[in-house]
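Input: a single structure, listed below in structure tokens.
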Amino acid sequence: MSETKSPGQNGEVDEKRPRILVVDDSITMRLFYRSVLEAAGFRIDEAANGLEGYERILTQTFDLLIVDINMPKMDGYSMIRAVRGDAAVRMIPAVFVSTEAGEKDAALAYEAGANFYLVKPVAPVELTAVARLMTGVGAP
Amino acid sequence: MTASLLESFVSEARELLQNAAAALLVLEKHRGDEAAINEVFRSVHTLKGSVGLFDFPAFIKLVHAGEDVLSAVRAGDLELSSALVDTLLDALDQVGAWVDDIAGNGALPAGADGVSKDMTARLREVLPADYGAAQASGPGAAAADLIAADWLPALPEADRLAAFTAAMDGAEILAVEYIPVQDCFFSGEDPFIGRVPLRRGAGAALPGATAGFDFGER
């Protein structure tokens with residue numbers, strides 16, 4: 001659950017890399033996001049449900065949220081609605097990732113405040129491309 | 001996918017299956033227990049999401065069918081009978097056995113496809129007709145079928161993505177296997193430049209010896 005810091009050039013910790021909060025109740029999915037996105041140069045934090053995710057957002061700064069929908073305690077819709085209703089954090093871009101491929105599910109996500117909707121299983125290349133797009137980081 | 005991801009999946013899947021089975025047993029005694037139905041649904045739903053990271057199509061199909069049944073129960077469209085609880089528990093047991101296989105040798109056993117097909121049919125036959133049709137159609141279902149297709153992993157990643165995107169747009173995805181016969185050039189085919197007259201509709205009945213190629217839709 002902790003932030004990962006990897007040494008940049010000269011052994012210094014590179015704090016300029018975009019920081020992503022991954023919110024998913026599946027530890028396997030979180031591990032997948034972390035391994036793909038850290039390899040692409042992002043810093044990753046994790047939360048296991050919407051409530052934990054929202055609490056993290058209130059105390060730490062993130063450049064992107066990657067959010068599951070169906071989670072205990074607080075689902076992804078509620079979490080992003082809460083974020084969008086909070087002036088201090090409402091501008092953080094959010095990508096929803098869901099197993100549901102229906103148009104209705106995507107529409108609900110966008111209504112809740114999603115900026116992008118991906119369907120599981122997400123290919124690493126697609127996940128990386130969307131993370132770069134949302135954080136304004138160009139491909140290497 | 002990495003070994004640590006597979007280890008994580010095995011560990012998480014066992015926990016989710018335990019949670020789902022325990023919640024099902026609660027539901028059998030207390031049919032209207034909302035917390036229990038939510039727990040079993042979420043466990044199966046989470047399992048479906050994480051198994052999608054791996055190439056276990058038989059596993060995905062069975063979990064997907066279980067989730068559809070639980071979704072119907074949760075929505076009040078399907079009564080949870082004792083027989084249905086037993087069918088769901090059987091499915092969870094089967095999935096648990098497959099998790100053991102995956103833990104042991106990283107793969108599902110031979111025959112898993114057949115077992116999955118039978119158990120999936122048992123689960124889907126209890127779904128209300130219109131509910132089943134609604135769940136089994138549309139771009140989402142087409143994409144889910146595509147993900148579960150056994151030929152998909154053989155394609156390059158860019159092609160897999162293109163196929164998935166097309167399925168999401170409602171396109172019908174067909175896999176065509178082309179095996180040129182030795183004298184195919186004499187019947188107007190040139191596989192080296194991609195000139196092959198596909199005859200849509202002939203499918204598996206197409207005799208390779210006379211038509212110059214052998215392909216079947218899968």
Side-chain angles (χ1 to χ4, degrees), chain A residues 1 4 22-39 44 46-51 66-78 95-109 116-130, chain B residues 1-13 15-16 19 35 38-39 41-56 60 63-64 67 71 74 134-135 137-148 152 156-165 167-170:
Chain A
M1 300 277 178
T4 298
V22 168
V23 188
D24 197 309
D25 60 330
S26 165
I27 191 170
T28 307
M29 288 306 303
R30 297 200 303 272
L31 184 60
F32 167 74
Y33 293 131
R34 176 181 285 281
S35 62
V36 170
L37 294 171
E38 280 188 346
I44 302 300
E46 300 176 16
N49 59 65
L51 189 61
I66 293 181
V67 185
D68 184 27
I69 291 179
N70 205 316
M71 295 181 287
K73 294 185 183 173
M74 182 188 273
D75 66 19
Y77 298 131
S78 304
V95 176
F96 272 48
V97 190
S98 168
T99 57
E100 308 306 324
E103 229 173 84
K104 228 184 232 178
D105 299 287
L108 279 172
F116 213 97
Y117 187 85
L118 289 171
V119 178
K120 293 177 186 175
V122 182
V125 66
E126 191 178 16
L127 177 66
T128 305
V130 169
Chain B
M1 296 299 160
T2 62
S4 62
L5 203 58
L6 194 65
E7 284 169 15
S8 170
F9 169 72
V10 165
S11 168
E12 182 176 34
E15 191 180 325
L16 291 169
N19 291 348
N38 285 338
E39 176 65 25
F41 176 82
R42 192 167 47 242
S43 296
V44 172
H45 177 82
T46 301
L47 186 60
K48 187 187 82 169
S50 54
V51 74
L53 293 172
F54 309 95
D55 180 27
F56 302 131
I60 293 173
V63 172
H64 196 170
E67 186 198 30
S71 180
R74 193 164 73 151
Q135 294 294 307
S137 63
D145 286 346
L146 180 68
I147 291 164
L152 192 67
E157 186 162 31
D159 292 342
R160 290 203 304 272
L161 273 175
F164 186 78
T165 304
M168 284 301 297
D169 288 340

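Each chain gets a letter, A, B and so on, in the order its sequence line appears, and its residues count up from 1.
A:Thr28 and B:Ser50 make their closest contact through CB-CB, 4.1 Å (heavy atoms, listed as atom of the first residue, atom of the second, distance). Of all heavy-atom pairs spanning A:Asn70 and B:Phe41, the tightest one is ND2-CE2, 3.3 Å. In terms of heavy-atom proximity, A:Met71 sits nearest to B:Arg42 at C-CD, 3.8 Å. Minimum heavy-atom separation, A:Asp25 to B:Glu12: O-OE2, 3.8 Å.
Using a 4.5 Å cut-off on side-chain heavy atoms (C-beta onward), B:Leu53 and A:Lys120 make no contact.
Atom CD1 of A:Ile27 is surrounded by 12 or fewer heavy atoms from other residues, nucleotides or ligands within 6.0 Å.
With rounding to the nearest 0.5 Å, the separation of OG in A:Ser98 from NE2 in B:His45 is 5.5 Å.
Note: B:Thr46 leads B:Thr46, B:Leu16, B:Asn38 in heavy-atom pairs under 4.5 Å with chain A.
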